[in-house]
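As the structure is a computational prediction, the values presented were derived from the model and not from experiment. These values consider heavy atoms only, across backbone and side chains, with no hydrogens, waters or symmetry-generated copies.
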Amino acid sequence: MLSLVRTNVVDLPTNLSLSYFWCGGFMISSFLIIQVVSGIILSFLYVADSFMSFGCVLDFTSEGLFIWLVRYLHIWGVTFIFLLFFIHMGRALYYSSYSKLGVWNVGFILYILMMAEAFLGYILPWHQMSYWAATVLTSILNSVPFVGDMLYKFVVGGFSVTNVTLVRVFSAHVCLAFIILGFSVIHLFYLHKGGSNNPLFAPAGYGDVVLFHSFFTSKDGFVLMVLLFVGSVLLLLCPDLVLDIESYIQADPLVTPVSIKPEWYFLAFYAMLRSVESKVGGLILVLVFLFLLWLPTLNKSCSYSLGRQYVFWFSVCNFILLSYLGACHPEAPFIMISKCSSFSIVFLLMMFKGLWVVPYSGGFPRMGL
């Protein structure tokens with residue numbers, strides 16, 4: 001066991017050119033461990049019941065300082081994980097790390113599982129926004145041809161979101177956390193098997209190498225300490241910054257909020273879903289976007305192409321714009337702008353993945369200009 005740790009952590013040969021953007025994996029793993037530990041503590045106190053869950057969650061803040069800290073650490077941990085996920089995936093896209101199939105495929109599955117896990121956790125407090133977000137998003141399943149009605153009843157456990165749904169969500173939320181941990185280990189296995197990508201595109205991930213310890217352990221440790229400090233400051237000074245005001249109103253199936261919206265890391269997808277009048281059309285649009293985001297191609301030598309950088313940064317700005325539009329009320333002109341932005345980001349991703357493709361010839365591809 002010690003030799004395994006030493007080989008994969010201490011004495012791992014790593015390219016010297018890796019910047020701080022390559023610290024993302026370690027940061028996500030660290031915050032994931034924090035989420036699992038804090039989640040286990042909260043699961044001992046949580047009651048999955050539509051009449052008691054909201055009061056139970058609110059009682060966490062009055063149980064004592066420790067439980068209050070654990071709860072808000074869990075809330076802020078999700079925010080940091082998705083922020084790091086976006087940076088990590090953005091770096092992978094920019095440097096074409098998706099050409100490393102094993103690492104990229106498992107990493108993309110991790111992203112999908114993490115979104116599912118976050119959505120399930122968002123439902124558990126059973127406040128107004130979580131209840132209605134669950135109602136709106138699960139209703140999309142009803143629009144799936146042929147199997148939609150059966151799929152919807154299987155997920156929610158009936159004809160609408162009820163206490164049965166809450167019990168299922170809690171069970172799935174706990175189990176999925178450990179599945180994510182398992183996929184994280186597989187992701188790390190493929191990473192160490194094929195070698196990490198690097199900004200210089202040195203063959204097989206190696207050029208001028210150093211041992212992972214102590215050069216990169218110090219680097220990762222420094223970034224982790226900075227993030228924990230920033231997270232602690234935000235947690236203590238503005239703990240409710242990432243919570244909606246509806247989070248302090250108990251779920252009421254008879255009262256619909258003026259504007260239903262999910263958490264910030266789902267806003268771009270939510271804007272895509274409602275930019276198309278048909279629920280099936282919105283779902284197809286999101287699936288096409290995710291497919292293009294996943295699609296691996298061999299254009300890994302072209303990161304320094306000026307045209308490709310324009311396409312990448314236009315895509316990033318478009319995604320940020322969609323996140324803003326997802327928080328806006330569904331009315332003119334936001335719907336039209338969302339529609340234009342949704343189709344344009346799909347088009348930009350097609351360009352990013354389809355152009356500048358370098359055929360694999362067994363050697364090393366030329367640098368694209």
To the nearest 0.5 Å, what is the distance between [atom1] ([X]) and [atom2] ([Y])?
X: Asp252; Y: Gln250; atom1: CG; atom2: CD; value: 8.5 Å
X: Phe291; Y: Leu295; atom1: CZ; atom2: CG; value: 5.0 Å
X: Lys339; Y: Arg274; atom1: NZ; atom2: CZ; value: 13.0 Å
X: Leu137; Y: Ile123; atom1: CG; atom2: CD1; value: 8.0 Å
X: Phe266; Y: Leu273; atom1: CZ; atom2: CG; value: 11.5 Å
X: Leu322; Y: Tyr270; atom1: CG; atom2: OH; value: 14.0 Å

Subject >> Derivation and outcome, side-chain contact (heavy atoms from CB on, under 4.5 Å), residues Tyr152 and Ile140 >> reply: CA-CA 8 Å; Tyr152 176 79; Ile140 297 171; over 6 Å; no

Write down the atom of [X], the atom of [Y], and the distance for their closest heavy-atom approach.
X: Phe66; Y: Ile41; result: CZ-CD1, 4.1 Å
X: His329; Y: Ser259; result: ND1-CB, 3.8 Å
X: Pro125; Y: Gly121; result: CD-O, 3.3 Å
X: Ala177; Y: Glu117; result: CB-OE2, 3.4 Å
X: Met27; Y: Asp220; result: CE-O, 3.1 Å
X: Gly282; Y: Val276; result: N-CB, 3.7 Å

**OP:** Evaluate the side-chain contact (heavy atoms from CB on, under 4.5 Å) criterion for residues Val164 and Val156: first the C-alpha distance (whole Å), next the side-chain angles of each, then the deciding distance (0.1 Å), finally the verdict.
**Re:** CA-CA 7 Å; Val164 177; Val156 303; over 6 Å; no

Original post:
Using the ring of each side chain (for Trp, its six-membered ring), is Phe82 parallel, tilted or perpendicular to Tyr111, with breaks at 30° and 60°?
Top reply: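 Ring orientation, 0 to 90° scale: perpendicular.
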
Original post:
Between Phe289 and Phe319, how do the two ring planes meet: parallel, tilted or perpendicular, split at 30° and 60°?
Top reply: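 It falls in the parallel class, under 30°.
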
Residues, nucleotides or ligands: over 12 heavy atoms within 6.0 Å of [X] [atom1]:
X: Phe314; atom1: CZ; answer: no
X: Phe86; atom1: CZ; answer: yes
X: Leu58; atom1: CG; answer: yes

Would [X] and [Y] show up in the same hydrophobic cluster when neighbours are defined by side-chain heavy atoms closer than 4.5 Å?
X: Met89; Y: Leu227; answer: yes
X: Leu83; Y: Phe21; answer: yes
X: Ile180; Y: Val185; answer: no
X: Leu254; Y: Met129; answer: no
X: Val167; Y: Tyr122; answer: no

Answer yes or no: is there a donor N or O on one side and an acceptor on the other, between the side chain of [X] and the main chain of [Y], under 3.5 Å?
X: Trp264; Y: Ser323; answer: no
X: Ser38; Y: Gln35; answer: yes
X: Ser43; Y: Ile40; answer: yes
X: Asp244; Y: Ser247; answer: no
X: Asn163; Y: Ser50; answer: yes

[X] vs [Y] side-chain heavy atoms within contact, under 4.5 Å:
X: Leu93; Y: Leu293; result: yes
X: Phe178; Y: Cys175; result: no
X: Lys193; Y: Val103; result: no
X: Val280; Y: Val144; result: no
X: Met150; Y: Lys153; result: no
X: Ser275; Y: Ile335; result: no
X: Val106; Y: Phe189; result: no
X: Ile249; Y: His127; result: no

Subject >> Stepwise side-chain contact (heavy atoms from CB on, under 4.5 Å) test for Ile34 and Phe80 >> reply: CA-CA 11 Å; Ile34 292 172; Phe80 274 85; over 6 Å; no

Subject >> Trp68/Phe60 aromatic ring centres below 6.0 Å >> reply: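 For Trp68 and Phe60, the ring centres are not under 6.0 Å apart.
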
Subject >> Aromatic ring proximity Phe31/Trp76, centre distance under 6.0 Å >> reply: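 Phe31 vs Trp76: aromatic centres not under 6.0 Å.
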
Subject >> Stacked cation flag Lys353 on Tyr98, 6.0 angstrom / 45 deg >> reply: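 Yes; both conditions hold, so Lys353 lies above the ring face of Tyr98.
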
Subject >> Cationic tip of Lys219 above Tyr20 ring, under 6.0 Å, 45° of axis >> reply: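 Yes, Lys219 sits over the ring of Tyr20.
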
Subject >> Intermediate values then yes/no, side-chain contact (heavy atoms from CB on, under 4.5 Å), Phe312 and Arg308 >> reply: CA-CA 6 Å; Phe312 175 81; Arg308 193 164 185 263; 5.8 Å; no

Subject >> Identified ring pair (Phe, Tyr, Trp, His ring centres under 6.0 Å) counterpart of Trp126 within the set Phe170, Tyr131, Phe54 >> reply: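 Testing each of Phe170, Tyr131, Phe54 against Trp126, the sole residue satisfying ring pair (Phe, Tyr, Trp, His ring centres under 6.0 Å) is Tyr131.
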
Going by atom types only, do [X] and [Y] share a side-chain donor-acceptor pair under 3.5 Å?
X: Gln309; Y: Trp313; value: no
X: Asn105; Y: Tyr190; value: no
X: Ser53; Y: Tyr46; value: yes

